[in-house]
Every structure is written in C-alpha cells, then in structure tokens.
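Accompanying notes for the structure given below.
First the proteins, then the strands, lettered A, B, ... as listed; each starts at 1.
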Protein chains: 2
Amino acid sequence: MTRVDGQGVDSQKNGGLSRIQERNRSLILDAALSEFSKKGFSGATVERIAAEAGMSKSNLLYYFSTKEAIYKATLAHILEVWLAPLKMLDADGEPARELAAYIRQKIQMSADYPQASRLFANEVMQGAPQILPILEGDLKRLVEEKAKVIETWIETGKMQRIEPVHLIFTIWATTQHYADFSIQVKALTGRDLSDPVFFEETVASVTGLLLNGIGLTVPQDGGA
Amino acid sequence: MTRVDGQGVDSQKNGGLSRIQERNRSLILDAALSEFSKKGFSGATVERIAAEAGMSKSNLLYYFSTKEAIYKATLAHILEVWLAPLKMLDADGEPARELAAYIRQKIQMSADYPQASRLFANEVMQGAPQILPILEGDLKRLVEEKAKVIETWIETGKMQRIEPVHLIFTIWATTQHYADFSIQVKALTGRDLSDPVFFEETVASVTGLLLNGIGLTVPQDGGA
DNA sequence: GAGCGATTTGACCAAATGGTCAAGATGCAA
DNA sequence: TTGCATCTTGACCATTTGGTCAAATCGCTC
C-alpha cells in the first residue's frame, strides 16, 4: 500500500523505479498528455486517462495520487523538450543560420508534438497556475541570455536592430500557431503540418518573412 | 414561464427584447466571457457566471437554458468584433499603410479584449467544436478574399512575394500572442500591453519586423 | 514454494455541478 | 386596483467525478 507518487519512494534500487513502475508511469503520462491537451485540465477526467493508459482508475491513482499530480508531472515531462531548441542558439554562429535553424526546429516541434504545444498554451492561457515560477525563473534567465546573444549580433552589425524579446515572441507565436490552431489552419488551407509539402512551404514562408524582417537572407539549406 | 433562450420569443415588440431582458442578457454575456476565458468551457461553472452577473443560477438558466447555450452566445457575441479588422484591408490602399494599420488594430484588440482573444483561442484549440462551420465558411471566404488582395499587391510589384495566407497567419499569431500569453509576456518582460509604453514598443517591433519582411517601410504614423 | 511487498481492482463515498420545478415577487396595461 | 405575463428564486434531483479503502492478485527473493 505504499504510494509511488511524485519522486516516489525508491523501493529497491537507488534512484530507479521498478520496471512496472517505469512502464506504467510512461503509459499514464502519454495518456494524460493526450487527454489534457484535448480537454484542458478541468475537462479531462481521471477515468478517461486511466482507460487510455489501459488500467483502472484506482491503479492510476496508485501511481499519481491526485489529478493535479498527473497534470504537473505531464507538464514537467514536456517542458524540458519544449524549451530545448532555444538553448541551442549559438552566439558564435551566423545569425541567419542560427535563426533559420531555430525556426525550422520550432516548426518541426509543432508538427511532431502538437499536443505538447497545446498543453503548454492551455496552461499559460489559464494564468500558468503551475508553471509561473518556471516562467519567472529558468525561462526568464534563458530568454535574457538569448536576448543578449541577439543584441550582440545587432551591435556587431550582423543584423538589423530589433528588440530581441519581441523577435523571440514572434518566432514562438508564429511557429506554435501551426500546432495550437491547426484546426483553423486546416479549415482555411485544407492542409496542416502533417503534410510534408505544407510543412516545407510553412518553413520557407516563415523563415523568409522573419529573416528578411531583420535584414538577413535565408541560407541555402533553409536551416535544415 | 416562457423561456427567453436563443433568438427568444419576442414577447412584445417586433424584434426587440424587453429592457430587463436586454440588460440581463448583457450582464450574463459579460460575466460568461470573463469566466469562460479564464477557465475554459469545462472549468467554468454556471453558478459562478450567475454570481458575477449578479443573479441566481436559476435566473440565469431562465435566459439561457443550458451552459452550452451561454457559451455559444458568448462566442457569437465576440466573433464579429474579433474578425472586423481584417475586413478593412483595402485593395486600393498602399500595402504598407494597410498592413501597418491592420497590425496596430490587432494589437489594440489584444490590449482591449484579451479575454475575447483567449476565449477564441481556447475554442479553436479544443478543435473548434462550436465554430468550425464558421471557420470553414465565412472566415474561409474572407481570408481567400484578402489573400487575393495581397496577391494583387505582390503581382503589381508593391511588395515582396510571400504566400499570403502565411502572412495572415503570422500577423494573427503574433498579435494575439500578446493577449493569449500575456502572463508569460509579463513574466519575461515585467510588462504587458496595458502599459502604453510597452504597447507602442510592441506595435513598433512587430510592424517593423513584418513589413520589413515583405520589403516595405513602416509609414511615419506607424498605422495609427 | 513460502513469504512478503508491490501491484491491481471493484465497491464505495462526498462534493460539485448542470438542470428542473413550483411558488413567489415584480412590472405594467386597463 | 386588478389581472396577467414577466421575472426571480430556493429547494431539489441526477449525474459526474475525484478520491478512499480493503481485499485480492502478482512477482520476486530466499
């Protein structure tokens, strides 16, 4: 009857979970991402998550003792992946290449993990009840660091002047739009990022527009 | 005991509601926008909407017989306002002026009606269960019409080539980002659109970036 | 294969919530 | 003032849902 919750009591080995725990937590988190991203926190039900994970509600509650705990774990699980691309912006690279690669990566993320994008958007739109501290802490530091990188590029004349943070917001907003609003995109164009042609068309349009906007030319490989 | 619902039985005059109905429906829709935009459809409760509207739950249900009816009415109420700016894009104007004005207007909307923006975003992210027909109908026609306007500008050499629909998406995504993600914007910059200085800074940055991106120069008045 | 903790589940509970209903209060025309 | 439709509400109900619990089953070590 020991609860496994959160960082869990590491029953046997040092820091690891048992094979069963590993598998079930993973199944739960996948199901939770699907459910939360589709219905939001309030609209999701523990029972549906359990069903999608292939276990009883009671058993799910054995691994995560509350709905909120599932939600937090799901958020934590995707957050690292979600913010990874920005970390790669390299001050020593050429702005055009770096930004083109960043934009492509972000659009790729929107294509590969639209649910994660929507979950994150949902959380922030509700006022970021769970992740506000992260936004104000880690994310803020990261953005300030990368803003400095952009500022350096501007000061060394490598690109046009712009408020770095607004450039970052524009890249986030635009790239994530294709995931979060994919239903609308599909309704208006008949296609979405799952279509490889539309994907490349989107990368080309967005990269062209934004790089052009700061006085850069898209590299031949388009950031690929 | 007659229900007032939807388009309502116009009890007395021709097409009009009684003074009391007018007032209460308006109070309800305001409260509903606040509640739905904050909590989403599932997270919102009829009781809280009623409380915020200053009446009993029962009375609210007298005006809108189901939660879904309130939600639909709220959406319908904001949708027209929300899509209005795009309609003003004028094929006969100069692209720079027209687009600068459009961008400013959209950011102004994000500043003035952030709740409407979030409600709309929420609805679309959940798969647009209520407004999909509108997206595929009226909105699609409108976007196609305006895409043609942009296409004309391109063909007459007034602006650089870009896929018009992607330009529209980028403008939507970016301008609405400042409303939908305002908590994040605030966490990262310490400010949001309610700060007049930040508002103008945002208009300048976004307008500069996007107009530049299609080979245009921002008009002196910045679209104001 | 015995023993014991880890895992799994169905039965159950309490709170929240959307919606109904009958009765009372109010506004207004004659 | 009377009469009637509009408006308003508290009491109430059925369902959904997050979470508890005791009992059963499983898996692994000795």
Side-chain angles (χ1 to χ4, degrees), chain A residues 1-14 16-28 31-32 35-36 38-74 129-130, chain B residues 1-14 16-28 31-32 35-36 38-74 129-130:
Chain A
M1 238 304 164
T2 330
R3 274 286 151 61
V4 180
D5 240 335
Q7 306 323 320
V9 189
D10 32 17
S11 38
Q12 31 226 60
K13 313 291 165 54
N14 30 22
L17 307 170
S18 80
R19 197 151 63 259
I20 294 177
Q21 282 175 34
E22 194 87 49
R23 180 177 53 87
N24 281 346
R25 286 181 61 99
S26 172
L27 285 172
I28 292 169
E35 174 77 358
F36 283 128
K38 243 173 277 181
K39 311 289 190 74
F41 177 78
S42 317
T45 80
V46 175
E47 179 128 27
R48 262 199 304 263
I49 296 174
E52 195 171 327
M55 68 186 70
S56 68
K57 184 176 69 159
S58 300
N59 201 24
L60 190 158
L61 266 331
Y62 168 71
Y63 289 96
F64 296 91
S65 56
T66 67
K67 182 184 182 183
E68 196 180 306
I70 312 171
Y71 181 67
K72 282 182 180 173
T74 308
Q130 303 299 334
Chain B
M1 240 302 166
T2 329
R3 273 287 151 61
V4 179
D5 242 335
Q7 307 321 324
V9 189
D10 35 15
S11 40
Q12 33 227 60
K13 312 289 165 54
N14 30 21
L17 308 170
S18 80
R19 197 152 63 259
I20 294 178
Q21 282 175 34
E22 193 89 50
R23 180 176 53 88
N24 282 347
R25 286 182 62 100
S26 171
L27 284 172
I28 292 169
E35 175 78 358
F36 282 129
K38 243 173 276 181
K39 311 290 189 74
F41 177 78
S42 317
T45 79
V46 176
E47 177 127 29
R48 262 199 304 263
I49 296 174
E52 195 171 326
M55 68 186 68
S56 68
K57 185 176 67 160
S58 300
N59 201 24
L60 190 157
L61 267 330
Y62 169 71
Y63 288 96
F64 296 91
S65 57
T66 68
K67 184 184 181 183
E68 196 179 307
I70 311 171
Y71 181 67
K72 283 182 180 172
T74 307
Q130 303 299 334

Distance in Å, A:F64 CZ paired with A:N24 CG, rounded so as to fall on 0.5 Å steps: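 These two atoms lie 10.0 Å from each other.
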Spatial distance of atom NZ (A:K57) from atom CG (A:L60) [nearest 0.5 Å]: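 One finds 10.0 Å between NZ of A:K57 and CG of A:L60.
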N/O (side chain, A:Q21) to phosphate O (OP1/OP2, C:dT7) under 4.0 Å: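 Checking A:Q21 against C:dT7: at least one side-chain N or O falls below 4.0 Å of OP1 or OP2.
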Short side-chain N/O contact from A:Y62 to OP1 or OP2 of C:dT7, under 4.0 Å: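 It does, given that an N or O in the side chain of A:Y62 lies less than 4.0 Å from OP1 or OP2 of C:dT7.
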Per A:L61 side chain, nearest of listed nucleotides D:dT20, C:dT8, D:dT8: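 Taking heavy atoms from C-beta onward, the closest nucleotide is D:dT20.
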Expressed in angstrom and rounded to an integer, what is the separation of [X] atom [atom1] from [N] atom [atom2]?
X     : N      : atom1 : atom2 : result
B:F64 : C:dG18 : CZ    : C1'   : 16 Å
B:I49 : C:dT17 : CD1   : P     : 12 Å
B:E35 : C:dG18 : CD    : P     : 9 Å
B:M55 : D:dT6  : CE    : C1'   : 14 Å
B:E22 : D:dC7  : CD    : P     : 12 Å
B:Y63 : D:dT6  : OH    : P     : 11 Å
A:I70 : D:dG19 : CD1   : C1'   : 11 Å
A:N24 : C:dT7  : CG    : C1'   : 9 Å

Residues in side-chain contact (heavy atoms from CB on, under 4.5 Å) contact with A:E22, at least two apart in sequence or another chain: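 A:E22 satisfies side-chain contact (heavy atoms from CB on, under 4.5 Å) with A:L17 only.
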Partner set under side-chain contact (heavy atoms from CB on, under 4.5 Å) for B:S58, not counting sequence neighbours: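 Per chain and number, B:S58 pairs via side-chain contact (heavy atoms from CB on, under 4.5 Å) with B:S56.
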Heavy-atom side-chain contact between B:I49 and B:F36 under 4.5 Å: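 Counting from C-beta outward, B:I49 and B:F36 do come under 4.5 Å.
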Residue pair A:I70 / A:F41, side-chain heavy-atom distance below 4.5 Å: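 Not in contact.
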Inter- and intrachain pairs under salt bridge (charged side-chain N to carboxylate O under 4.0 Å, His left out), touching residues 58-74 of chain B, at least two apart: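 Non-adjacent pairs meeting salt bridge (charged side-chain N to carboxylate O under 4.0 Å, His left out): B:E68-B:K72.
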Pairs satisfying salt bridge (charged side-chain N to carboxylate O under 4.0 Å, His left out), at least one member in residues 40-51 of chain B, at least two apart: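 Found B:E35-B:R48.
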Return the polar atom pairs (N/O with N/O) between nucleotides 26-29 of chain C and the protein under 3.5 Å, or none.
none

Sub-3.5 Å pairs of nitrogen or oxygen atoms, protein against nucleotides 10-17 of chain D:
{"unit_1": "D:dG10", "atom_1": "N7", "unit_2": "B:S58", "atom_2": "OG", "d": "3.3"}
{"unit_1": "D:dG10", "atom_1": "O6", "unit_2": "B:S58", "atom_2": "OG", "d": "2.2"}

Side chain to side chain donor-acceptor pair (under 3.5 Å) partners of A:K38, counting only residues at least two apart: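 Residues passing side chain to side chain donor-acceptor pair (under 3.5 Å) with A:K38: A:S34.
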